[in-house]
Amino acid sequence: MATTQIDITEASVYVGTYAKYNDGSIFGKWLKLSDYADRGEFYEACAQLHSDEEDPEYMFQDYENIPKGLIGESWISENIFEVLEALNNLDENTLEAFLIWCDNDHKDLSSSDVSELLEDFENDYVGQYDSDEDFARELIDQREDLSDFSKQYFDYASYANDLFCGSYWSEDGHVFYN
């Protein structure tokens, strides 16, 4: 299952309110998070957008380019701007690998320190390969104690299977330490 690529710079939220929704209206507006310095400024824009309500209860009806765990229908993470800024500094391939790692290792972007997460990720991430067998082949090619003759008869598929039953895991070509 391929991870959908996201563009952190295009993180956007469609902001309506529960009152309008309950009255049969989906009136709201897409707000691009990069237009705001922090969560407070974002909520000020939400308040201006729905200034016709005395105490609006915001409803985040849709969102795009935001990693899972940072937003829900009625909440937005306290550290969303910090997380988006940190992730914006990653190249596309590393971002994809990081999000796969977070999803599979059940890391919570909304409550974890993003700097610590990125450090843990760097320790766990091995790299990207065309297949598990290609990764196994690279490991064997690095061994100096095996002759070229023995390498040509080596069972890379079985070795890869053993590697990924214990020490490593992979998804979409990204390989990680267990």
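Note that CD1 of Ile80 and CG of Asp38 are 12.0 Å apart. Values are rounded to the nearest 0.5 Å. Here the CG atom belonging to Asn89 is positioned 10.5 Å from the CD1 atom belonging to Ile8, to the nearest 0.5 angstrom. Atoms OG and CD, from Ser74 and Gln61 in turn, are 12.0 Å apart once rounded to the nearest 0.5 Å. Distance check: Cys46 SG to Met59 CE gives 13.5 Å after rounding to the nearest 0.5 Å. The OH atom of Tyr43 sits 6.0 Å away from atom CD1 of Ile76, with the distance rounded to the nearest 0.5 Å.
Contact of the Leu70 side chain with the Ser110 side chain is registered, since non-hydrogen atoms from C-beta on lie closer than 4.5 Å. Between Glu10 and Glu64, the closest side-chain pair of non-hydrogen atoms is not below 4.5 Å. Under the 4.5 Å side-chain criterion, counting only non-hydrogen atoms from C-beta, Phe98 is in contact with Leu109. Within the 4.5 Å cutoff, the side chain of Leu99 has heavy atoms near those of the Pro67 side chain. Contact check for Lys20 versus Asp52: side-chain heavy atoms found under the 4.5 Å cut-off. Residues Leu90 and Leu118 have side chains in contact (heavy-atom distance under 4.5 Å, counting atoms from C-beta outward).
A donor-acceptor pair under 3.5 Å is absent between the side-chain atoms of Asp62 and the main chain of Tyr14, judged by distance alone. A donor-acceptor contact shorter than 3.5 Å is absent between the side chain of Arg137 and the backbone of Ala160. In this structure a side-chain-to-backbone donor-acceptor pair under 3.5 Å is present from Asp91 to Thr94. The closest donor-acceptor contact from the side chain of Glu41 to the backbone of Ala37 lies under 3.5 Å.
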Worksheet item: For Leu49 and Phe27, what are the C-alpha separation, side-chain angles and deciding distance, and is it a side-chain contact (heavy atoms from CB on, under 4.5 Å)?
Response: CA-CA 10 Å; Leu49 176 62; Phe27 172 79; 4.2 Å; yes
Item to complete: Begin from the C-alpha positions of Leu33 and Ile66 and carry the test side-chain contact (heavy atoms from CB on, under 4.5 Å) through to its verdict.
Response: CA-CA 10 Å; Leu33 295 183; Ile66 298 176; 3.9 Å; yes
Discussion item. Between Leu95 and Asn93, is the side-chain contact (heavy atoms from CB on, under 4.5 Å) condition met? List the steps.
Written reply: CA-CA 5 Å; Leu95 175 61; Asn93 188 59; over 6 Å; no
Item to complete: Start with the C-alpha gap between Asn79 and Val114, add the side-chain angles, then the distance that decides, and say whether side-chain contact (heavy atoms from CB on, under 4.5 Å) holds.
Response: CA-CA 9 Å; Asn79 67 346; Val114 71; 5.6 Å; no
Item to complete: Take His174 and Tyr129 through the ring-ring contact (aromatic ring centres under 6.0 Å, His included) test and state the conclusion after the steps.
Response: CA-CA 6 Å; His174 297 284; Tyr129 298 84; 9.7 Å; no
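Across every non-hydrogen atom of Lys151 and Asp141, the tightest pair is NZ-O, 3.4 Å. Smallest separation of non-hydrogen atoms from Leu31 and Tyr36: CD2-OH, 3.5 Å. The shortest non-hydrogen separation linking Asn65 to Asp7 is OD1-N, 2.8 Å. Listed here is the closest heavy atom pair of Ser112 and Leu117: CB-CD1, 3.6 Å. Across all non-hydrogen atoms, the minimal contact from Gly28 to His50 is CA-CE1, 4.1 Å. Summarising the geometry of Ala157 relative to Glu133, their closest heavy-atom pair is CB-OE1, 3.5 Å, with the distance given to 0.1 Å.
Heavy-atom neighbours of Gln152 CD from other residues, nucleotides or ligands within 6.0 Å: above the threshold of 12. Atom CG of Asp130 has 12 or fewer heavy atoms from other residues, nucleotides or ligands within 6.0 Å. Within a 6.0 Å sphere centred on CD of Glu138, other residues, nucleotides and ligands contribute more than 12 heavy atoms. Few gaps surround CD on Glu53; more than 12 heavy atoms of other groups in view lie less than 6.0 Å from it. Shown here is Tyr21, whose OH atom has no more than 12 heavy atoms of other residues, nucleotides or ligands within 6.0 Å. Heavy atoms of other residues, nucleotides or ligands lying less than 6.0 angstrom from CD1 of Ile26 number 12 at most.
At a cut-off of 3.5 Å, with distance as the only test, no side-chain donor of Thr17 or Glu57 sits close to an acceptor on the other residue. Residues Asn104 and Trp169 bring no donor and acceptor atom of their side chains to less than 3.5 Å of each other. In this model, a donor atom of one side chain and an acceptor atom of the other lie less than 3.5 Å apart for Asp132 and Ser170. Inspection of the Asp23 and Ser25 side chains reveals no N or O donor paired with an N or O acceptor under 3.5 Å. Side-chain N/O atoms of Glu73 and Tyr18 include a donor and acceptor closer than 3.5 Å. Using modelled atom types and a 3.5 Å distance limit, the side chains of Ser158 and Asn161 yield no donor-acceptor pair.
Checking Tyr125, Phe135, Tyr159 one by one against Tyr168, the ring-ring contact (aromatic ring centres under 6.0 Å, His included) holds for a single residue, Phe135.
Ring planes of Phe81 and Phe42: tilted class, angle from 30 to 60°. Ring pair Phe154/Tyr156 is tilted by interplanar angle, where 30° to 60° counts as tilted.
Connection of Val15 to Tyr63 is established within a shared hydrophobic cluster, with ILVMFWY side chains joined at heavy-atom distances below 4.5 Å, either directly or through further cluster members. Residues Tyr177 and Trp101 are members of separate hydrophobic clusters, defined by side-chain heavy-atom contacts under 4.5 angstrom among Ile, Leu, Val, Met, Phe, Trp and Tyr.
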